[in-house]
Amino acid sequence: MVPMPEQSPPLATHDVTNQPPPLAPYDASADAALLEGLRREGAGWAEDGVRLLGLRAGGAEAQEWGELANRHEPELRTHDRYGNRVDEVEFHPSWHHLMDTAVAEGLAGTPWAEDRPGAHVARTAGGLVWGHTEAGHGCPTSMTYAAVPALRAQPELAKVYEPLLTSREYDPGLRVPTEKRGLLAGMGMTEKQGGSDVRTNTTVATPTDEPGVYTLRGHKWFTSAPMCDVFLVLAQAPGGLSCFLVPRVLPDGTRNTFRIQRLKDKLGNRSNASSEPEFDRTVAWLVGPEGRGVKTIIEMVNCTRLDCVMSSATLMRKTLVEAGHHARHRSAFGARLLDQPLMRNVLADLALESEAATTLTLRLAGAADRAVRGDEGERAFRRIATAVGKYWVTKRGPAFTAEALECLGGNGYVEDSGMPRHYREAPLLSIWEGSGNVNALDVLRALGRSPESAESFFGELALARGANAHLDATVTSLRRELTEADQLSARRVVERMALALQGSLLVRHAPPAVADAFCATRLGGDWGHSFGTLPSGTDLGAILDRALPV
């Protein structure tokens with residue numbers, strides 16, 4: 001008789017040790033750089049609300065919403081059961097929970113309705129913490145925020161739609177816009193043949209007998225958030241490329257022609273629907289003069305570019321928090337990862353990059369807020385600095401998230417960790433609202449056309465003059481480089497501008513350990529070609545204690 005093996009305790013081979021506990025719940029607002037920037041840029045009054053939102057963003061429920069909204073992706077329904085064309089996109093309930101919170105917290109158009117200094121800064125800070133849930137639903141809130149200043153080019157339209165675009169009520173579903181409690185706005189600029197070269201658009205706008213009303217015929221290549229209520233669209237009118245307001249539902253309750261050909265199968269941002277709509281006798285209202293479409297919609301682009309910087313900074317902070325949490329609870333080779341010198345170097349290097357991105361984001365938000373209130377100097381600074389920040393911070397996102405993912409090792413490479421979702425999201429921000437080349441060349445154009453923008457930029461850098469030798473040397477050489485800049489050197493020059501601006505801000509506002517390490521590495525060249533190459537003597541402890549509070 002064969003002896004029976006001894007009974008093993010249940011799941012004896014599956015004891016879990018040396019694994020971190022779940023991160024959630026955590027406080028997504030526990031970020032010194034964010035809170036200090038919020039106060040410095042004039043929105044200290046919003047701190048309590050931002051902190052409460054940070055606790056909610058890091059809560060288990062909101063984190064699950066983000067995961068579910070990406071697991072259950074939006075679905076296109078072109079026809080109803082009877083064969084009628086409906087062109088609707090259906091979302092998982094978690095998406096609606098995320099949207100409801102974002103709109104209620106004023107992360108869409110609300111700041112335009114608040115006559116309070118710092119309102120736009122408060123919104124950006126809210127985005128920096130609520131973005132810890134997931135990135136996709138930030139697209140419709142961003143476009144809604146950005147649509148308001150563009151729509152003001154047609155005051156009679158703004159009078160009707162602006163109160164609804166600035167509402168704090170999320171009211172999904174396609175209905176007559178003026179019968180809803182709140183609206184969301186989208187944008188349709190790019191077409192197959194042109195991409196960012198929107199002046200080559202072939203969508204045609206034909207005037208009707210009613211003044212200001214046109215019909216559109218054409219096909220847009222990328223139109224995100226097709227479930228929005230209204231869209232700002234570029235089309236060729238008799239007077240040239242023009243901007244139009246296109247509602248999904250017309251005032252008489254009939255569906256406007258907005259045939260969604262398909263939803264894009266994207267690398268990331270999969271919770272959010274991006275579509276190809278076809279216009280065929282689609283009713284549209286002119287926004288701004290004929291032939292001034294780019295000028296009309298450029299204010300929308302400035303706003304969404306700021307949100308690209310914000311979203312990249314948010315991804316950096318979120319993945320740094322994940323990496324730090326893992327390192328704090330995981331041990332290897334006889335010590336916690338967080339206590340291993342090389343891991344400390346990696347995390348501190350990431351922390352420098354994250355703080356620089358967050359600080360720059362809030363400075364740009366402050367400039368936007370003050371520009372809205374009539375500050376011409378801030379308007380000039382914003383014009384160039386937003387494009388500089390958009391180019392550089394979004395470029396750093398993919399490398400940053402890859403390094404943060406690697407801190408988790410194999411655990412970070414599996415979908416359960418959430419890190420692959422962040423990694424797939426990161427490249428989007430450098431593409432949306434103009435790729436790196438488009439933004440770099442936009443900076444050169446601004447330097448040539450608006451000397452006041454260049455002077456405002458160097459005026460900002462001058463505020464830190466004499467505080468750091470590496471920064472001073474960079475600013476001196478940068479002035480010379482800008483006089484020789486051309487297309488071939490555009491990326492190199494704009495990169496230097498971004499690093500000088502970040503260094504200036506950190507020298508003025510961050511602790512010496514942070515500012516000195518950033519300037520020595522990013523400006524002084526005492527750095528390798530990957531994260532984790534900070535030089536000997538760097539105060540890693542001070543940097544990590546600030547970035548990863550217990």
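Just so we're clear, the structure is a prediction, and the values are computed from it rather than from any experiment.
Nearest heavy-atom pair, Ala108 versus Val103, reported as atom, atom and distance to 0.1 Å: CB-CG2, 4.5 Å. Here the closest heavy-atom approach between residue Leu232 and residue Cys243 is recorded as CD2-SG, 4.1 Å. Considering all non-hydrogen atoms of both residues, Pro251 and Trp285 come closest at CD-CH2, 4.1 Å. Smallest separation of non-hydrogen atoms from Gly188 and Thr223: CA-OG1, 3.9 Å. For the pair Ala122 and Ala43, the tightest heavy-atom approach, listed with the atom from each and the gap, is N-CB, 3.8 Å. The nearest pair of heavy atoms linking Gly239 to Glu290 is N-OE1, 2.6 Å.
With hydrogens and angles disregarded, a donor-acceptor distance shorter than 3.5 Å links the side chain of Thr282 to the backbone of Asp280. Side chain of Thr386 to backbone of Ile384: no donor-acceptor contact under 3.5 angstrom is found. Put simply, the side chain of Ser430 gets close to the backbone of Pro427: a donor and an acceptor are under 3.5 Å apart. Panel note: side chain Glu134, backbone Gly136; a donor-acceptor pair is recorded below 3.5 Å. Side-chain atoms of Gln236 come within 3.5 Å of backbone N or O of Arg199 as a donor-acceptor pair. Within the 3.5 Å criterion, the main-chain N or O of Arg281 finds no donor-acceptor partner in the side chain of Thr215. With hydrogens and angles ignored, the 3.5 Å screen pairs a side-chain donor or acceptor of Gln154 with a backbone N or O of Gly288. For the pair Ser417 (side chain) and Val414 (backbone), a donor-acceptor distance under 3.5 Å is present. Counting only distance, with no hydrogens or angles, the side chain of Thr101 and the backbone of His97 share a donor-acceptor pair below 3.5 Å. At least one donor-acceptor pair under 3.5 Å links the side chain of Thr166 to the backbone N or O of Glu162.
Using a 4.5 Å heavy-atom cutoff, the side chains of Pro277 and Phe231 are not in contact. With a 4.5 Å cut-off on side-chain heavy atoms, Arg123 and Trp112 do not count as touching. No side-chain heavy atom of Phe258 sits less than 4.5 Å from a side-chain heavy atom of Lys220. Contact annotation: the side chain of Phe244 approaches that of Leu286 to within less than 4.5 Å [non-hydrogen atoms, C-beta and beyond]. At a threshold of 4.5 Å between non-hydrogen side-chain atoms, the residues Ile260 and Thr78 do not count as touching. Between Phe400 and Leu320, the closest side-chain pair of non-hydrogen atoms falls below 4.5 Å. Side-chain contact between Arg51 and Leu35 is present, with at least one heavy-atom pair separated by less than 4.5 Å. Between Met99 and Pro172, every side-chain heavy-atom pair lies at or beyond the 4.5 Å cut-off.
Other residues, nucleotides and ligands place more than 12 heavy atoms under 6.0 Å from the CD atom of Glu114. For Arg175, the CZ atom is densely surrounded, since the number of other residues' heavy atoms within 6.0 Å is greater than 12. Summarising the local packing, CZ of Arg292 is surrounded by 12 or fewer heavy atoms from other residues, nucleotides or ligands at distances under 6.0 Å. Applying the 6.0 Å contact sphere to CZ of Arg77 captures more than 12 heavy atoms from other residues, nucleotides or ligands. Atom CG of Asn84 sits in a crowded spot, with more than 12 heavy atoms from other residues, nucleotides or ligands closer than 6.0 Å.
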- Test Thr206 against Arg217 for side-chain contact (heavy atoms from CB on, under 4.5 Å), laying out the working first. CA-CA 8 Å; Thr206 303; Arg217 182 177 177 82; over 6 Å; no
- Message: If you apply the rule side-chain contact (heavy atoms from CB on, under 4.5 Å), what do you find for Trp432 with Cys139, and how did you get there?
- Response: CA-CA 10 Å; Trp432 189 30; Cys139 179; 4.3 Å; yes
- Walk me through it: do Tyr145 and His120 pass the test side-chain contact (heavy atoms from CB on, under 4.5 Å)? CA-CA 10 Å; Tyr145 169 68; His120 296 268; 2.8 Å; yes
- Item | Evaluation steps, side-chain hydrogen bond (donor to acceptor under 3.5 Å, both in side chains), between Asn201 and Thr203 | CA-CA 6 Å; Asn201 282 3; Thr203 296; over 6 Å; no
- Message: The test is side-chain contact (heavy atoms from CB on, under 4.5 Å); show your working for Val230 and Leu151 and say whether it passes.
- Response: CA-CA 11 Å; Val230 295; Leu151 193 61; over 6 Å; no
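Results of the salt bridge (charged side-chain N to carboxylate O under 4.0 Å, His left out) test with Glu299 over Arg382, Arg305, Arg152, Arg379 single out Arg382 as the only residue that passes. Lys180 pairs in a side-chain contact (heavy atoms from CB on, under 4.5 Å) with only one of the listed residues (Leu164, Val249, Asp229), which is Asp229. The side chain to side chain donor-acceptor pair (under 3.5 Å) with His219 is formed by just one residue from the set Gln261, Glu276, Glu278, Arg259; it is Glu276.
Ionic pairing of Glu495 and Arg491 is not present here: no N-O contact between side-chain nitrogen and carboxylate oxygen is shorter than 4.0 angstrom. Between Arg421 and Glu415 there is no salt bridge, since no side-chain nitrogen of the basic residue lies less than 4.0 Å from a carboxylate oxygen of the acidic one. The residues Glu73 and Arg270 are annotated as salt-bridged, a charged nitrogen and a carboxylate oxygen being separated by less than 4.0 angstrom. Salt-bridge formation is detected for the pair Arg370/Glu41: a Lys NZ or Arg NE/NH1/NH2 atom is positioned less than 4.0 Å from an Asp or Glu carboxylate oxygen. A salt bridge is defined here as a Lys NZ or Arg NE, NH1 or NH2 lying under 4.0 Å from an Asp or Glu carboxylate O, and Arg383 with Asp442 meets this definition. Look at Glu353 and Arg396 and you find a salt bridge, because one of the NZ, NE, NH1 or NH2 atoms lies within 4.0 Å of a carboxylate O, short of that distance. Between Asp307 and Lys390 there is no salt bridge, since no side-chain N of the basic residue sits under 4.0 Å from a carboxylate O of the acidic one.
Note that CD of Glu61 and OG1 of Thr133 are 12.0 Å apart. Values are rounded to the nearest 0.5 Å. Atom CE of residue Met310 and atom CG of residue Leu360 lie 13.5 Å apart, to the nearest 0.5 angstrom. Separating the CG atom in Leu128 from the CG atom in Leu38 is a distance of 9.5 Å, to the nearest 0.5 Å. The distance from the CE atom of Met300 to the OG1 atom of Thr296 is 12.0 Å, given to the nearest 0.5 Å. One finds the CG atom of Asn272 at 6.5 Å from the CZ atom of Phe91 (value rounded to the nearest 0.5 Å). Here CH2 of Trp95 is found 15.0 Å from NE2 of His72. Values are rounded to the nearest 0.5 Å.
Ring geometry for Tyr26 against His132 counts as tilted: the plane angle lies between 30° and 60°, on a 0 to 90° scale.
For Lys264 and Trp221, the positive end sits near the middle of the six-membered ring, less than 6.0 Å away and at most 45° from its axis.
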